[in-house]
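Residues: numbered from 1 along the sequence shown.
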Amino acid sequence: MKKLKSGILLTAITTLLAFMSVLYISSCNNKAPSLSPTSCENVVCQHGGYCNQGVCLCPTGYQDSRCGTKWNSKFVGRWNVVETVTSSDTYDTVGAQRYYQVVIDTTAVPKEIFISGLRGNGTYTDITGLIDSTTIGFQIQAYIPGNNGNFTIVGGYAQITKIKNTADTASGIYYTDYLNAQSIREHDTIKFIMTK
């Protein structure tokens, strides 16, 4: 009987030691979460961005702390435009002003926008703007409406002058090339201010 009691006691002690060993080993594998600000352990970067020392480095065309926002998204919307002809081959058009609205929309490319309605002309659609960076502005690409060559927007740029989460004020210049009523080619430089 004494032998049976010592066998049970030995089995109980062995079982207890084995259980405590498993607890100790598993507690070593469950380390406390890293509190290091340079850790990339729980950082998920979107759109091909990657983590470096706890910060997402975003590919061109994306921004925010996880690369989830396209550059072009901040320009989307209806803008009020005031433009003034600042130089022209025709003296009497210098100083002429136009007031109108343009609509800016995104493209599939995160660093491009479509501008519709430039010069107050609703048929001027999908003029491409290339965004320079997340805060500077965009470049207006050459545009020939209807491919007729009688009127061309040669190019230009817009500089963002006020920005929060979305761009809401921009100013810039664009250039035109056209045939006048006498079929003489003329050039205008037009300054504009856009506000949302």
Side-chain angles (χ1 to χ4, degrees), residues 45-49 56-90 93-180 185-196:
C45 304
Q46 300 173 358
H47 299 106
C56 283
L57 300 177
C58 302
T60 300
Y62 294 93
Q63 65 186 43
D64 77 27
S65 64
R66 298 293 183 251
C67 306
T69 304
K70 294 179 180 181
W71 285 358
N72 59 10
S73 65
K74 68 177 66 183
F75 297 99
V76 172
R78 187 172 299 277
W79 293 74
N80 296 309
V81 179
V82 177
E83 69 179 27
T84 306
V85 178
T86 57
S87 72
S88 177
D89 293 340
T90 305
T93 60
V94 174
Q97 289 191 319
R98 285 188 198 87
Y99 302 87
Y100 59 90
Q101 289 187 332
V102 295
V103 174
I104 295 181
D105 205 353
T106 61
T107 71
V109 179
K111 61 180 192 166
E112 290 183 0
I113 54 175
F114 280 144
I115 307 164
S116 296
L118 197 62
R119 295 182 59 86
N121 190 326
T123 63
Y124 296 172
T125 59
D126 298 340
I127 299 168
T128 304
L130 298 178
I131 300 169
D132 293 336
S133 77
T134 58
T135 59
I136 292 176
F138 56 88
Q139 299 216 356
I140 300 168
Q141 301 301 292
Y143 177 75
I144 303 172
N147 294 320
N148 64 15
N150 291 337
F151 177 84
T152 303
I153 295 173
V154 179
Y157 65 89
Q159 178 83 26
I160 301 304
T161 53
K162 184 178 177 189
I163 191 165
K164 292 180 185 170
N165 291 333
T166 61
D168 56 8
T169 305
S171 60
I173 293 176
Y174 70 92
Y175 309 95
T176 62
D177 177 273
Y178 58 94
L179 291 176
N180 68 14
R185 188 146 304 273
E186 294 193 13
H187 308 87
D188 289 348
T189 300
I190 299 150
K191 278 186 150 180
F192 64 89
I193 296 176
M194 299 175 19
T195 56
K196 272 192 178 177

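For Ile193, the side-chain contact (heavy atoms from CB on, under 4.5 Å) test picks out Ser171, Thr195, with sequence neighbours left out. Qualifying side-chain contact (heavy atoms from CB on, under 4.5 Å) partners for His187, counting only residues two or more places apart in sequence or in other chains: Asp89, Asp177, Arg185. Applying the side chain to side chain donor-acceptor pair (under 3.5 Å) rule to Thr60 yields no partners; only residues at least two apart in sequence or on another chain are considered. Residues satisfying the side chain to side chain donor-acceptor pair (under 3.5 Å) test with Thr106, not counting sequence neighbours, are none. Among residues two or more places apart in sequence or in another chain, the side chain to side chain donor-acceptor pair (under 3.5 Å) test is passed with Glu186 by Thr90, Tyr178, Asn180. With sequence neighbours left out, Tyr157 forms a ring pair (Phe, Tyr, Trp, His ring centres under 6.0 Å) with no residue at all. Remark: Ser65 engages no residue in a side-chain contact (heavy atoms from CB on, under 4.5 Å) (not counting sequence neighbours). Not a single side chain to side chain donor-acceptor pair (under 3.5 Å) links Thr128 to another residue, sequence neighbours left out.
To the nearest 0.5 Å, atoms CD1 (Ile190) and CD1 (Ile153) are separated by 8.0 Å. One finds the OG atom of Ser73 at 6.5 Å from the CD atom of Gln63 (value rounded to the nearest 0.5 Å). The distance from the CZ atom of Phe75 to the CD atom of Glu112 is 13.0 Å, given to the nearest 0.5 Å. Put simply, CD1 on Ile113 and CH2 on Trp71 are 12.5 Å apart, with the number rounded to the nearest 0.5 Å. Taking CD1 of Ile173 as the reference point, atom OG1 of Thr189 lies at 7.0 Å (rounded to 0.5 Å). Rounding to the nearest 0.5 angstrom, the gap separating the OG atom in Ser116 from the CD1 atom in Ile127 is 7.0 Å.
By the 4.5 Å heavy-atom criterion applied to side chains, Ser87 and Asp188 are not counted as neighbours. Between Met194 and Ile104 there is a side-chain heavy-atom pair separated by less than 4.5 Å. Under the 4.5 Å side-chain criterion, counting only non-hydrogen atoms from C-beta, Ile115 is not in contact with Trp79. Looking at heavy atoms from C-beta onward, Phe192 lies out of side-chain contact with Leu118 at the 4.5 angstrom threshold. Side-chain contact check for Leu130 versus Phe138: every heavy-atom pair is 4.5 Å or farther apart.
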Take Cys67 and Cys45 through the disulfide bond (SG atoms under 2.5 Å apart) test and state the conclusion after the steps.
CA-CA 6 Å; Cys67 306; Cys45 304; 5.1 Å; no
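Remark: side-chain polar atoms of Tyr174 are not paired, donor with acceptor, to backbone N or O of Gln141 under 3.5 angstrom.
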Please list, one pair per line, the donor and acceptor atoms closer than 3.5 Å that link side chains of residues 94-102 to other protein atoms, with sequence neighbours excluded.
residue: Gln97; atom: OE1; partner: Tyr99; partner atom: OH; Å: 2.7
residue: Gln97; atom: NE2; partner: Thr84; partner atom: OG1; Å: 3.0
residue: Arg98; atom: NH1; partner: Glu83; partner atom: OE2; Å: 2.5
residue: Tyr100; atom: OH; partner: Glu83; partner atom: OE1; Å: 2.5
residue: Tyr100; atom: OH; partner: Arg119; partner atom: N; Å: 3.0
residue: Gln101; atom: OE1; partner: Arg78; partner atom: NH1; Å: 3.4
residue: Gln101; atom: NE2; partner: Asn80; partner atom: OD1; Å: 2.7

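Val85 and Thr93 make their closest contact through CB-O, 3.3 Å (heavy atoms, listed as atom of the first residue, atom of the second, distance). The two residues Gly137 and Ile160 make their nearest non-hydrogen contact at CA-CG1, 3.7 Å. Minimum interatomic distance between Pro59 and His47 (heavy atoms only, all atoms of both residues): CG-O, 2.9 Å.
The environment of Lys70 atom NZ is dense: over 12 non-hydrogen atoms of other residues, nucleotides or ligands sit within 6.0 angstrom.
The six-membered or imidazole ring of Tyr124 lies near that of Phe151, with a centre-to-centre distance under 6.0 Å.
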